[in-house]
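Taking it in order: structure first as structure tokens, then the write-up.
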There are 2 protein chains.
Amino acid sequence: MELYILWCLLCGFFRACIRMVCLSESQLLCGELEPSNREVGCESYVERTKHAMTLTDVARAAGVSPSTVSRILSGTARVTPETRQRVMVEIKRLNYQPNVLAQGLKRGHSRTVGVLTQELNSPFFNETVQGIEYGFEDSGYDPIFSGGHSRKSEERRALDVLRSRRVDALIVVGSFLPDALLLELAKETILVMVGRRVSGLEAQCVFLDNVQGGLDATTHLTTLGHRRIAFVTGNNNHPDSAERFQGYCTALSTAGIPFDPQLVVAGDFGEQSGLMAVDALLSQGVRFTALFAANDQMACGARLALYRRGIRVPDDISLIGFDDLKHVLYAIPPLTTVRQPMLEMGQCAARLALNLLEGKSPPEHTFSPTLVVRESTAMAR
Amino acid sequence: MELYILWCLLCGFFRACIRMVCLSESQLLCGELEPSNREVGCESYVERTKHAMTLTDVARAAGVSPSTVSRILSGTARVTPETRQRVMVEIKRLNYQPNVLAQGLKRGHSRTVGVLTQELNSPFFNETVQGIEYGFEDSGYDPIFSGGHSRKSEERRALDVLRSRRVDALIVVGSFLPDALLLELAKETILVMVGRRVSGLEAQCVFLDNVQGGLDATTHLTTLGHRRIAFVTGNNNHPDSAERFQGYCTALSTAGIPFDPQLVVAGDFGEQSGLMAVDALLSQGVRFTALFAANDQMACGARLALYRRGIRVPDDISLIGFDDLKHVLYAIPPLTTVRQPMLEMGQCAARLALNLLEGKSPPEHTFSPTLVVRESTAMAR
DNA sequence: CTGAAAGCGCTTACAG
DNA sequence: CTGAAAGCGCTTACAG
């Protein structure tokens, strides 16, 4: 028993020290903490992680009941200023952090929203993910991420991980899960989707007007006088690609340019496919003075293929992408593209989820693309 | 009461439907579920999220005690095959997912490791983060991410978020938190760092031999006959930059080239700073035939500055970066660089944390850089 | 204004 | 082989 008390005191002292570090790093640097360091330095890892301060510890230290501490923390209930003061001091001193696992268990919600990410390492999705993080800042909710690595089976697993953590809502970024599953999911949980539109769930989808984007890109080219405009598609049947292609077709017909199937070649949204698309076009002897790739990554691949053959951009061929990835501002030459506000879309998804959770009306959630003219497009010769 | 039973039955049926979806999506598409859809379609969101199956539900359904179900799930304890069978069937039927909040509360650990990320949207850190995800696959632990957005105050907050979720271990990616804080942190929790070396905690740091990398890059250049080699540094005093610079100096002296301070200019790891560095060099009339940027992003910026002035790469000036970001393979020309295996380093960090959690000996965790020669470097004229 | 008690969904000695 | 009971750390009616 005495040992336990001694242990508690030690921990208290130790935690107080950490707090000091936060307040003033300089104190630390002059070695004031050395003695305590040594005392605690020899525990095993397991012991270290075991003891965290609880509500009861705080209550005992402040001489009140756990109920009171809980109420003070939640802001509910009226206490005498002195009591509140006393409790707050102990909370600080013990460096108490509520156990959200216990809170969640009791309250029946976890104050957590699960984010099902496609590929945590794609320049495209990462901005969205970052936007989601921003969107939840100071909302009282924390996002937790679980990745599908672009494989459907993994996505199911990731979904279970999130579900077992009792997330209060779910944000799906892209994803290859079938619409049908998402429709069912939407019935048992609050669901928001980014970069994907599921029919029947439009109100919970944050998406871009891709048709307009495709239209803008192509019109930019036709306006510059181009009439032979190649198009590199994204993944087979991917709606983003299909919609951008639709915009491409519309713009052509508006400009009175007949559609030529020879000019459209299949890609898969990856750089390499853009490169191969250009190679295919060129080796087949297809003539074109401009190329519109369904995303920036393919545009970059196309650019390299052109470079390898000594074809100048934009002098010989104009190039336009889609997305406006951060680094294409530094492409050679800086890439003309259609900006998709991924960060804002992520933020919007977070807000949408928040509003749904709190029963408020959802914010506007369809986004418009913006043409960003840089240096990879020029007048047709 | 009757209502409650009805409700349960409905839920059961509904959940069974979801399971069917997983087994066969085609059934869904032909609209078999329509009736049930409508019945459940009008609940409010709050009601939807409230009811999740519990151990007790399963136990009741299978006609056993919760203890038994728990033991079956954990694999502990011997039951008759029939009982086990009966329970498993109910688990599947009810689509039961254990509540990890409750498990964590009871067991005293959360089977979760917190990852403090710098900037969730940096091509550099994202690969590491992805590696961490991979490293935890099938380990029984899940990583949860919380971001610091490169601001120290935010990092403290993110740390608290992780702490309140009772993570069993912590992985810090980069981070601007002071060494002193990390040293204290390491005493109260299992701590692993990636892309950062804190002295006194080397055993828990996964890092690259940056000096060697700087040496390799510079030697590559001197071997090609370059003698006027510019160097663009990273953030002020950032150890990665300092170490790469050290390698640069060593390589120069080995090659018998005197160090010229005029050739080193300060950057901050961002593209724009690489661009400005070249501008500064050129406008000051400093002569150089090769440039080594402390990371790829700055090399890309430098490349653009050169392009703007009509200076060819590698014909006029050779360029070498550091990191081997995915997209520099598609730079114009493809960038010669020093590869830092970020994905592998992330994976290693996860394994290190896992081993520490389980008291096993840590894996090897210092990585070697690899020179990747592409097309941005050539013989000096 | 404040405390004792019950309970969230689990797990795990302790009985039988 | 299986169940009843206690308890993890909270919150919240319910008393006083």
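Naming convention: chains lettered A, B, ... in sequence-line order (proteins, then strands); numbering from 1 in each chain.
- The nearest whole Å value for the distance from the CZ atom in A:Arg60 to the C1' atom in C:dA4 is 16 Å.
- Among residues two or more places apart in sequence or in another chain, the side-chain hydrogen bond (donor to acceptor under 3.5 Å, both in side chains) test is passed with B:Ser70 by none.
- Residues A:Ala349 and A:Ile171 share a closest heavy-atom pair of O-CD1, 3.9 Å.
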Within the 4.0 Å limit for protein heavy atoms, which parts of nucleotides 10-16 of chain D are touched? Write it as a string from 5' to 3', B for base, S for sugar-phosphate only, - for none. BBBB---
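- Taking atom CD1 of A:Ile72 as the reference point, atom C1' of C:dC1 lies 11 Å away to the nearest angstrom.
- Residue A:Pro98 comes nearest to B:Arg166 through the heavy atom pair O-NH1, 3.9 Å, listed as atom of the first residue, atom of the second, then distance.
- Heavy-atom distances to DNA chain D give each of B:Leu105 and B:Ser65 a nearest nucleotide, and the one nearer the 5′ end belongs to B:Ser65.
- Pairs of Watson-Crick or G-U wobble type, with distances under 3.5 Å, assemble into runs of 3 or more in DNA chain C at these ranges: C:1-3 with D:14-16, C:5-12 with D:5-12, C:14-16 with D:1-3.
- Although no hydrogens or angles enter the test, the distance criterion places a donor-acceptor pair under 3.5 Å between the side chain of B:Asn355 and the main chain of B:Ser361.
- Shown here for A:Ala169 and A:Thr189, the closest heavy-atom pair between the two residues is CA-OG1, 4.1 Å.
- In the set D:dG9, C:dG3, D:dT2, C:dG3 carries the atom at the smallest distance from any side-chain atom of A:Val64.
- Residues A:Tyr134 and A:Gln347 share a closest heavy-atom pair of CB-CG, 3.9 Å.
- For the residue pair B:Arg165 / B:Ser146, no side-chain donor-acceptor distance below 3.5 Å is found, with atom types taken as modelled.
- D:dG9 atom P lies 8 Å from atom CG of A:Asp57, rounded to whole Å.
- With respect to the salt-bridge test (charged N to carboxylate O, under 4.0 angstrom), the residues B:Asp160 and B:Arg157 do not qualify.
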